[in-house]
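Below is one structure, written out as C-alpha cells; comments come after it.
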Amino acid sequence: MLATVVPVEDLAARIPDGATVALPPDYGYCALGAVHALIRRGARRLRLLGVPAIGFQGDMLIGAGCVETVETAAMTLSEYGLCPRFTAAVKAGTITVVDSTCPAIHAALQAAEKAIPFIPLRGLIGSDILARREDWKVIDNPFAPGDPVVLLPALCPDVALFHAPMADRFGNVWVGVRREQMLMAHAAASTFVTVERIVDGNLMDDERTKAGTIPGLYVTALAEAERGAWPMGIPGGYEPDQAHLARYAELARTEEGFAAWLEATVMTRPAAAE
Amino acid sequence: MLATVVPVEDLAARIPDGATVALPPDYGYCALGAVHALIRRGARRLRLLGVPAIGFQGDMLIGAGCVETVETAAMTLSEYGLCPRFTAAVKAGTITVVDSTCPAIHAALQAAEKAIPFIPLRGLIGSDILARREDWKVIDNPFAPGDPVVLLPALCPDVALFHAPMADRFGNVWVGVRREQMLMAHAAASTFVTVERIVDGNLMDDERTKAGTIPGLYVTALAEAERGAWPMGIPGGYEPDQAHLARYAELARTEEGFAAWLEATVMTRPAAAE
Amino acid sequence: MGPRPEEVLITAIAGMLEGLGHIAVGASSPIPGAAALLARERSAGTTRVSILGSERNNFFTDGGKELFDCAGQGRIDAFFLSGAQIDGAANVNLVSIGDPDRPKARFPGSFGSGYLYFVVPRVILFRLEHTPRTLVERVDFISAPGFSEDGVYRPGGPHKLITDRCLFDVDRDRRRFRLESVHPGHTLDEIVEQTGFDFDIPPGGVPETPVPDDDTLEVIRTRVAGQIAEIYPDFAARVFATPTH
Amino acid sequence: MGPRPEEVLITAIAGMLEGLGHIAVGASSPIPGAAALLARERSAGTTRVSILGSERNNFFTDGGKELFDCAGQGRIDAFFLSGAQIDGAANVNLVSIGDPDRPKARFPGSFGSGYLYFVVPRVILFRLEHTPRTLVERVDFISAPGFSEDGVYRPGGPHKLITDRCLFDVDRDRRRFRLESVHPGHTLDEIVEQTGFDFDIPPGGVPETPVPDDDTLEVIRTRVAGQIAEIYPDFAARVFATPTH
C-alpha cells in the first residue's frame with residue numbers, strides 16, 4: 001500500500017487546532033520544518049506532549065501562541081539553558097503545565113500502544129508530581145495488599161509528529177534505535193512524519209533496516225523535507241546549527257526578540273527546508 | 001565489558017533444575033543445541049514458558065523427562081501436527097499445563113521488563129483460560145467503574161534461552177525483528193544465548209545493526225554454536241531439516257520411538273553443533 | 001474448469017472482507033490467506049494483509065506482541081479463528097476434550113484467540129470439518145467466548161462461520177447462528193444433520209453460496225495463487241497446481 | 001600541577017562507585033560522568049557505564065523507556081540527581097520556586113527523578129552551588145522525595161550528597177544528612193553558614209575530603225579526560241585542557 005506523501009505545509013495543515021501532539025526531545029528526530037509550518041498556519045490551543053521532554057520546538061510553538069497546555073517531564077534547551085518563552089508563559093499563566101516524569105510518559109504511551117486502560121508504575125508516591133495529578137490514582141496492589149501502587153491512565157495523543165532519516169514509498173519509516181518514535185506512532189491516532197529522503201525499494205526487505213523501521217501501517221502521512229530537522233540536527237546525519245540555536249536562545253529572552261526571530265526565520269519562508 | 005563465552009554444554013549446566021525457562025516458538029530462534037545439552041545433563045523439574053508458544057524443543061524436553069510444568073499459549077509442531085510427547089504427558093498427568101494466550105504472555109513479560117507488579121489486559125473475561133488461572137485477578141477499572149479488567153501478575157522467568165545469528169565479544173546479540181527475544185532477555189533474571197558466530201567489532205557501532213541488538217548488559221553467557229538451531233532453521237539463515245523433523249514427529253508418537261530418537265540424536269553427541 | 005470447493009470458500013470469504021483496511025491471517029490458514037489476498041487484489045491498493053509466517057506479508061517490527069497491540073488499537077479489521085470445537089453460542093475451543101486436567105484429547109492451545117476474538121470487529125470462524133463432533137452444542141473448554149456480558153469491553157466478535165458445507169451469519173442480538181447459504185453440492189438436510197448445535201433457518205429458504213465468476217477465478221488462479229504459493233506451497237500446488245516459485 | 005577542585009570531586013565520587021556493575025549518568029553531568037569513567041578504569045573490566053547523550057557509552061536499544069525499565073529491573077546500581085533545591089530530608093526539586101501554578105522561578109522539570117530515586121540503590125545527589133538558596137530546609141516542590149513511608153516500594157534512595165564545598169553521608173534511619181568530609185580550602189563554619197538545612201556533625205571532627213594521588217590524577221587526565229571529551233568537549237577543554245578529538 002502506497003504512503004500518502006504531501007508537502008510539509010499540507011502535513012502541518014492536517015494537524016488540527018486543539019490536538020494533543022506528541023513530540024520528541026531535542027536529541028531525538030525533531031520535525032522542525034513541520035513545526036515552523038504549524039506556526040505559519042497559525043495553529044492554536046495545541047496540547048503538547050513531551051516524549052518525554054521537549055526543547056526548542058516546544059519553546060517556539062509556545063512563543064508563537066500555538067499552545068494551551070504542555071505535559072512533559074521537562075522543557076529544556078540543554079546547554080542553551082531554560083526555555084525562555086516557556087518560562088515567560090508559565091510565569092504569565094498563559095499556558096498550563098502538567099508536570100510528569102519520563103517513565104510515566106513512556107509507560108502511559110505503552111498503555112495506549114497496548115490498548116489497556118491503565119498501567120501501574122513504581123516510584124512517584126510522596127512526590128508533588130503525583131500530588132498534583134488528579135488523573136492518576138493510587139490503589140492497593142491487588143496481588144499484595146499493603147503495597148500502594150500508582151496507576152496511570154493510557155495516554156493517547158491525537159498526533160505524533162517527528163522527523164526521520166528516511167522512508168520508502170510504502171510509508172515505512174526508518175528510525176533506528178529511536179524507538180520512542182515507534183512508541184509514539186503506535187500510541188497516537190495519527191502520525192505525521194517528515195523525512196530527509198524517500199528511498200527506492202522497501203525498507204522491510206532488508207532484515208537489518210526492518211529492525212529499526214516503523215511500518216507504514218502506522219503512518220498517516222509523510223513529507224519529504226531535506227534538512228527538515230533544522231536548526232536541530234539528526235544523529236548520524238547533520239549537526240545542530242549551534243549558531244542559530246544560540247541566537248534563538250538569546251533572542252527569545254524577550255517577546256520582541258522572539259518576534260524578530262520568528263519573522264526572520266519562520267514567517268517569511270514557505271518551509272524551512274526550502 | 002567482555003561477554004562470558006562458554007561451550008554449549010557449560011551453558012546448559014548453568015540452567016538449574018527447577019528453573020522457569022522462557023523459550024521461543026519454532027518460527028523464532030531456538031537454541032536446540034543447548035536444549036539437547038540440557039537433556040544430556042539430565043535437567044529435571046523445568047518450568048517451561050512459551051513466548052508465546054513452544055514446538056519441537058518443548059516436546060523433546062518433555063519426552064526426556066526434564067519438565068514439570070508448561071505455561072504457554074500453545075504447544076504445536078505446526079505442519080507436523082500435535083506435540084506427541086506433550087500430548088502423552090498431559091493425558092498421563094505427568095506434567096501440569098498452565099494454559100495462557102499469546103498477548104497475556106507478552107504483556108506479563110512486559111510487566112517484568114518494566115518492573116511493575118501487574119499489567120491489565122483486555123479480553124479473557126468469560127474464557128476458561130481465565131477461569132482456571134488463580135494467579136490472575138479481575139478488578140473493576142478504577143478509572144471507569146463498571147468495566148471489569150483482568151490483571152496479570154508480572155512473569156519473571158529465571159532463564160531465557162534462545163539462539164541468534166550473531167553476537168560480538170561484548171555480548172551484544174543481534175536478533176533483528178525478533179524482538180520477543182529482547183523482551184525475554186529484559187524480563188528474565190538470566191539470559192543464555194547460543195549464536196551461529198561471534199563476530200569481530202561491536203554490533204552497537206553501526207546504527208543499523210544496533211537497532212536489532214540486545215545489549216550485552218542483559219546476556220549472562222554466550223556459546224558459539226554453528227547450526228545451533230538444528231534441526232530447526234533460522235530465518236534468513238538455514239532452513240529447518242524437514243526430513244529430521246518429520247522423522248521426529250513420527251518416532252515421538254511412541255515412548256519407544258522417542259527413546260530411539262533421543263539415543264541416536266541427542267545422547268550420543270557432545271553437542272548438536274559438533 | 002469450473003470452480004473448485006476451495007475457490008468457492010475463498011470467494012465467499014473475500015466478500016466478507018470487502019473494503020476493509022487491514023486483514024490479518026494467522027498461521028496455517030491457506031484458504032483465509034488466499035481470501036485476504038483476493039480482497040487485496042480487488043481493493044485497488046486500499047487493503048493491507050498481514051499473514052503470520054510470511055516474510056513478504058508481515059509488516060510487524062516490534063516483536064510477537066505487535067499483532068495483539070495493533071489489534072487492540074483497532075488497526076485490524078478482520079481476523080480468522082478456528083476451533084477443535086465451535087458451539088452454537090460461537091464459543092471456540094482450542095484446548096481439550098473432556099476434563100482439561102486429564103483430557104481425552106489435547107490440542108495445541110488457545111493461541112491469541114482469548115484476546116483477538118474480543119477486539120477484532122470481524123472475526124471469521126472457519127472450520128473445514130463440519131460434523132456434530134466439531135460443531136457442538138457446548139464446547140468442553142472455552143478458549144474464547146462468542147459473546148460477553150454487558151459491561152465487558154468487547155468491540156470485536158464473531159462475524160460469520162464458514163465450513164466446508166455452508167455459511168452461517170451471526171445474530172449478535174440473539175447470540176445465535178443463522179444459516180446464510182449452502183455451498184454447491186450440499187443440502188439443508190445434510191447441514192441440519194451434521195450440525196451439533198441449534199441454529200436459525202430463515203423462513204424464506206436458504207440460497208446457494210455464490211460461485212466465483214470467471215474474472216474472479218482468473219484472479220484467484222493467477223495473482224492470488226502465485227502469492228499464496230510463497231507461504232503455503234503444498235496448498236497452492238494441490239489446489240491451483242502452481243509451479244514452485 | 002596539583003589536583004583541581006573538579007578532580008577532587010571526581011575522585012570522591014569514583015570512590016562511591018567502587019565495585020558496582022552498572023553506573024548510569026544523566027545528560028549534562030560532566031563531573032559524575034568523569035567519576036563513572038574513572039570507576040570503570042579502575043574496575044578491571046567489571047563496571048559498565050551508560051552515559052545518556054553519548055553515542056559511545058549508550059547501550060540501550062529499546063527506546064527512551066529502556067533506562068527506566070533497566071533501573072526498575074535492578075540492573076543499574078548508581079545514578080546521579082541534582083536539584084534546583086535539595087532539602088535536609090533529601091527531597092529534590094527540579095520544577096519551580098513558589099506556587100507551581102504561578103512560580104517565581106520555573107526550571108526544566110523532574111525528568112526521571114520521580115522514579116529513579118526510588119529504584120536505584122545508590123543515588124548520588126550532586127549540586128555544585130552550595131548556598132542557602134539551593135540547600136534549603138524544605139523544597140518548594142518535591143520532584144522526588146528523599147525517603148518514603150513504610151510499605152512504599154523503595155529499593156533505592158539517596159546515598160551521598162556532594163557539593164562544591166563538602167560531602168554529606170545519608171543516615172537512612174534518621175533520614176538526615178551527616179557531614180562526612182570538607183573539601184580542601186573550605187571550612188566547617190562556612191558549610192554551616194551556607195547550608196539552609198540542619199545536618200549532623202560527627203562529634204569527633206570532620207576530615208578533609210581526600211585528594212587524588214598521582215596515579216589517580218594521571219588516569220583522570222589521560223584516559224578519563226579523553227573519553228569525557230567526546231561527550232563534554234567544553235568541560236574537558238576547560239578542566240583538562242584536552243585537545244579536541
Could you tell me whether [X] atom [atom1] has more than 12 heavy atoms of other residues or ligands within 6.0 Å of it?
| X | atom1 | answer |
| --- | --- | --- |
| C:E137 | CD | no |
| C:R172 | CZ | yes |
| B:E255 | CD | no |

Please classify the contact between [X] and chain C as side chain, backbone, both or neither, with a heavy-atom cut-off of under 4.5 Å.
| X | result |
| --- | --- |
| B:L77 | neither |
| B:Q181 | neither |
| B:A107 | neither |

Problem set entry | C:A105 versus chain B, the contacting section by heavy-atom distance below 4.5 Å | backbone
For this session: Tell me, for C:S96 versus chain B, whether the close heavy atoms (under 4.5 Å) come from the side chain, the backbone, both or neither.
Result: neither
Taking all heavy atoms of [X] and all of [Y], pick out the closest pair and write down the distance.
| X | Y | result |
| --- | --- | --- |
| B:L121 | C:Y115 | CD1-CE1, 3.9 Å |
| B:E180 | C:G63 | OE1-CA, 3.2 Å |
| C:T61 | B:R179 | O-CD, 3.6 Å |
| C:I142 | B:G126 | CG2-O, 3.7 Å |
| C:V152 | B:P148 | CG2-CG, 4.1 Å |

Problem set entry | Between CG on residue C:D101 and CZ on residue B:R132, distance to nearest 0.5 Å | 4.5 Å
Exercise. Between atom OH of C:Y232 and atom CD of B:E79, what is the distance when rounded to the nearest 0.5 Å?
Worked result: 10.0 Å
Among [options], who wins on heavy-atom pairs under 4.5 Å with chain C?
| options | value |
| --- | --- |
| B:V175, B:D147, B:L124 | B:L124 |
| B:M75, B:Q110, B:R122 | B:R122 |
| B:T76, B:I125, B:T87 | B:I125 |
| B:S78, B:A92, B:A131, B:G146 | B:A92 |

Please output the side-chain donor-acceptor pairs of residues 48-67 of chain B that fall under 3.5 Å, not counting sequence neighbours, one pair per line with the distance.
unit_1 : atom_1 : unit_2 : atom_2 : d
B:Q57  : NE2    : B:P24  : O      : 2.8
B:D59  : OD1    : B:R85  : N      : 3.0
B:D59  : OD1    : B:F86  : N      : 2.7
B:D59  : OD2    : B:R85  : N      : 3.2
B:D59  : OD2    : B:Y248 : OH     : 2.8

Can you tell me which of [options] forms the most heavy-atom pairs within a distance under 4.5 Å of chain B?
| options | value |
| --- | --- |
| C:P100, C:G98, C:G156 | C:P100 |
| C:G114, C:G109, C:G151, C:P108 | C:P108 |
| C:K104, C:K65, C:E149 | C:K65 |

For this session: Return yes if some donor-acceptor pair links the side-chain N/O of B:K91 with the main-chain N/O of C:R102 below 3.5 Å, else return no.
Result: no
Side-chain polar contacts of residues 96-104 of chain B - donor-acceptor pairs under 3.5 angstrom, sequence neighbours left out - could you list them?
unit_1 : atom_1 : unit_2 : atom_2 : d
B:D99  : OD1    : C:R106 : NH2    : 2.8
B:D99  : OD2    : C:R106 : NH1    : 2.8
B:T101 : OG1    : C:F111 : O      : 2.5

